[in-house]
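Below, chains carry the letters A, B, ... as their sequence lines are ordered, and counting in each starts from 1.
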Number of protein chains: 2
Amino acid sequence: MPTDTTSPRAPSGSRSLEHPAREDIRIAEVLHALADPMRLRIVRALAAAEGELNCADIELPVSKSTCTHHFRVLREHGVIQQLYRGTAKMNGLRRADLDELFPGLIDGVLRGAELQARRLGEE
Amino acid sequence: MPTDTTSPRAPSGSRSLEHPAREDIRIAEVLHALADPMRLRIVRALAAAEGELNCADIELPVSKSTCTHHFRVLREHGVIQQLYRGTAKMNGLRRADLDELFPGLIDGVLRGAELQARRLGEE
DNA sequence: GCAGTCATACGATAGCCGTCGTACTACGGT
DNA sequence: ACCGTAGTACGACGGCTATCGTATGACTGC
């Protein structure tokens, strides 16, 4: 087993998270995942951070359980990927997969969300 | 009150339909409206037709009431515009408004949906 | 080993949503 | 004036969903 960059290797403890394969991602589900203000906020934060973010790094006005719920929805619909690293769980956008499946979609959503935030935020 | 181009003038009978103003359209609501397979189908048909389509011109495997419901959701969230013309109701995408508010969003959704349809449809 | 931290699981609850059928309204043509 | 067609209104129903609180599990550091 040489260098395998795609296998979800288990660092140590490894609670393994289920992610849909790229070919199983559906646009309607992605849109549904993005159609919630809280989740849109999460996705925007992840896109801005470029790297990986701890769950708690994103401030949300909801309880911790609700937060977990939203992250799970995003993961199960193929929008983000999560992996455990010690006690924290790192989250990242699945940009490569999404861009290949639906080119321009994520960019459009992020740009639209930013424009709207700017429009509503400052005036 | 001179020439008022924005007033929803009543052609003759005029059951008037309420549409949100452009500045009231929210991206989360648009995404939600698009996140349903049936509605995505409607939007794709409208985009393909370029012009206006009768409600019944789009074949959907749902009852007439459900169809009405989906069209209303799309209208109330700012995705389509509807107006009565005699006994029929013509539907059209609000491309200009959507493209100005969220440039690239609709294109990304339509393209992604088409790619997915092609991917799933022929193999 | 024990406590603290980060996140999950589970159960509950209230609200929304997609779907339907039936009854009704509006318009156009004959 | 009437009928047919196109669409709406309304009520119902089952399922999903966003939210919460509390209890539990996993890992780190002392």
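Near DNA chain D, meaning a heavy atom under 4.0 Å from it, residues 63-81 of chain A has A:S63, A:S65, A:T66, A:H69, A:H70 in order of number.
The CG atom of A:L46 sits 10.0 Å away from atom CD of A:Q81, with the distance rounded to the nearest 0.5 Å. The CD1 atom of B:I25 lies 11.0 Å from the NE2 atom of B:H77; values are rounded to the nearest 0.5 Å. From B:L120, atom CG reaches atom CD1 of A:I27 across 11.0 Å, with rounding to the nearest 0.5 Å. Between atom CD of residue B:E23 and atom CG of residue B:L101 there is a gap of 8.5 Å, rounded to the nearest 0.5 Å. Here B:R72 contributes atom CZ and B:Q82 contributes atom CD; the two are 9.5 Å apart, rounded to the nearest 0.5 Å.
Taking the side chain of A:V62 as heavy atoms from C-beta on, and the options D:dC20, C:dC17, C:dT19, the nearest nucleotide is D:dC20.
Between A:R26 and B:Q116, some side-chain heavy-atom pair lies under the 4.5 Å cut-off. B:V109 has its side chain within reach of A:L105: a pair of non-hydrogen atoms, C-beta onward, lies under 4.5 Å apart. The shortest side-chain heavy-atom distance between B:R94 and B:R75 does not fall under the 4.5 Å cut-off.
Residue A:M38 contributes atom CE, which lies 13 Å from atom C1' of D:dC20 at whole-angstrom precision. Remark: P of D:dG7 and CG of B:L17 are 12 Å apart, rounded to the nearest angstrom. For B:R39 and C:dC17, the CZ to P distance is 8 Å, given to the nearest whole Å. When the P atom of D:dA18 is taken as reference, atom CZ of A:R41 falls 15 Å away, rounded to whole Å. Taking atom CG of B:D57 as the reference point, atom P of D:dG7 lies 8 Å away to the nearest angstrom. Nucleotide D:dT19 holds its C1' atom 13 Å from the CG atom of A:L60, rounded to whole Å. Between B:I58 atom CD1 and D:dA6 atom P the separation is 15 Å, expressed in whole Å. Per the geometry, OH belonging to B:Y84 stands 13 Å off P belonging to C:dG28, to the nearest Å.
Nucleotides of DNA chain D nearest to A:P61 and A:H32 differ in position, and the one nearer the 5' end is that of A:H32.
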Canonical and wobble pairing (Watson-Crick, G-U, under 3.5 Å) of DNA chain D, dot-bracket with |
||||||||||||||||||||||||||||||
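Ion pair B:R111/B:D107 not flagged as a salt bridge, since none of the NZ, NE, NH1 or NH2 atoms sits closer than 4.0 Å to an Asp/Glu carboxylate oxygen.
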